[in-house]
Novice: 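Quick one: the structure is below, questions incoming.
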Amino acid sequence: MFYLYSAWTTLSVVHTHYLILGLDEMNVHFVDEKVNKYLILYHIGLNMTVMMLVVRGIVQVTQMNVVSYALSGIAGIGHILLGIALILILIQIKHASKD
């Protein structure tokens with residue numbers, strides 16, 4: 001079913017999030033096992049965030065009556081995981097550059 005919906009939704013930023021946040025890792029190859037573990041955390045946070053953007057966009061387009069706080073909470077957890085993973089990766093890179 002197609003919806004004639006022309007207002008802004010979070011669906012418009014899904015591609016941008018994947019493109020920009022996915023490119024962070026594309027040209028970088030890490031040897032350190034700790035960094036690779038943190039990258040798994042990074043990808044979990046990225047996918048969690050993007051899934052919630054898609055779900056929220058679908059809710060906006062279909063105008064479903066869904067509790068928005070739960071969606072925001074899960075998206076927030078995804079953002080927190082992204083931030084923590086990015087900080088841990090940068091700390092490991094800093095330690096590796098000192099060696």
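Since this is a predicted model, take the numbers as computed values, not measurements. Counting from 1, the numbers follow the sequence of the chain as shown. Only this structure's heavy atoms are used, side chains among them; waters, hydrogens and symmetry mates stay out.
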Novice: Taking C-beta and beyond as the side chain, do L53 and L11 meet within less than 4.5 Å on heavy atoms?
Specialist: no
Novice: My understanding is that only residues two or more places apart in sequence, or in another chain, count here; which of them pass side chain to side chain contact (heavy atoms under 4.5 Å, CB included) with L71?
Specialist: M52, V55, R56, V59, V66
Novice: Could you tell me which residues satisfy side chain to side chain donor-acceptor pair (under 3.5 Å) with T62, sequence neighbours excluded, listed by chain and number?
Specialist: none
Novice: Working to the nearest 0.5 angstrom, can you tell me the gap between M48 CE and I80 CD1?
Specialist: 9.5 Å
Novice: Who passes side chain to side chain contact (heavy atoms under 4.5 Å, CB included) against I87, sequence neighbours left out?
Specialist: I91
Novice: Hey, what do you get for CG (L86) to CG (L81), rounding to the nearest 0.5 Å?
Specialist: 12.5 Å
Novice: To the nearest 0.5 angstrom, please state how far the CG atom of L88 sits from the CG atom of L41.
Specialist: 7.5 Å
Novice: May I ask you to decide if G57's main-chain N or O and T9's side chain share a donor-acceptor pair within less than 3.5 Å?
Specialist: no
Novice: Quick one: closest heavy-atom pair of Q92 and Y38, and the distance?
Specialist: CG-CE1, 3.5 Å
Novice: Could you grab the distance from atom CG of L46 to atom CG of L39, nearest 0.5 Å is fine?
Specialist: 11.5 Å
